[in-house]
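Start at 1 with the first residue, then count along the sequence.
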Amino acid sequence: MKRKLYRLLVFAVAGLWISPRVPAQESGLVQLTSGPTQDGFPSWSPDGRQLVFSRYGRDVVPESTGLWVISLDGAESRQLTPYIGEHPDWSPDGRYIVFDGDFGNTIQVT
């Protein structure tokens, strides 16, 4: 058992070291946001045209903290809430967004 685990670990490390490094643009990745904030927990809208995500910038850009929606057609992102919300998810009809509010103490809907 230990020998199999050791072999698996060796192959995994070797694979990471040998694998080619592909720049983000060449791999098809697109960066939608940037800045001195922590962005995360993205969720697609039901129609696939928007993403909702959580932004946390308490120490750097306090006014940017909250839930944001970004349109994939190139329009500016817009702020939905002025307070932190995590794990946002759209309702099936796309009318509401539910999220973990108050750092896990409440469930909220906007």
Gln38, CD atom: more than 12 neighbouring heavy atoms under 6.0 Å: no
Pairs involving residues 84-95, ordered by first then second residue, that meet salt bridge (Lys or Arg N to Asp or Glu O under 4.0 Å) (sequence neighbours left out): none
Can you name the nearest heavy-atom pair linking [X] to [Y], along with the distance?
X	Y	value
Gly85	Ser54	O-OG, 2.6 Å
Asn105	Asp100	N-OD1, 4.3 Å
Ser43	Pro88	CB-O, 3.1 Å
Ile84	Thr65	N-CG2, 3.8 Å

Which residues pass the side chain to side chain contact (heavy atoms under 4.5 Å, CB included) test with [X], sequence neighbours left out?
X	value
Gln108	Tyr83, Phe99, Thr106
Asp39	Thr33, Thr37, Phe53, Arg55
Leu72	Leu32, Trp44, Leu51

Main-chain N/O of Gln50 paired to Ser45 side chain as donor or acceptor, under 3.5 Å: yes
Leu80/Val52 under side-chain contact (heavy atoms from CB on, under 4.5 Å): CA gap, chis, key distance, verdict: CA-CA 9 Å; Leu80 292 178; Val52 62; 4.1 Å; yes
ILVMFWY network linking Trp90 to Leu67, side-chain heavy atoms under 4.5 angstrom: yes
All side chain to side chain donor-acceptor pair (under 3.5 Å) counterparts of Ser71, not counting sequence neighbours: Asp73
Listed partners of Phe41 passing ring-ring contact (aromatic ring centres under 6.0 Å, His included), at least two apart: His87
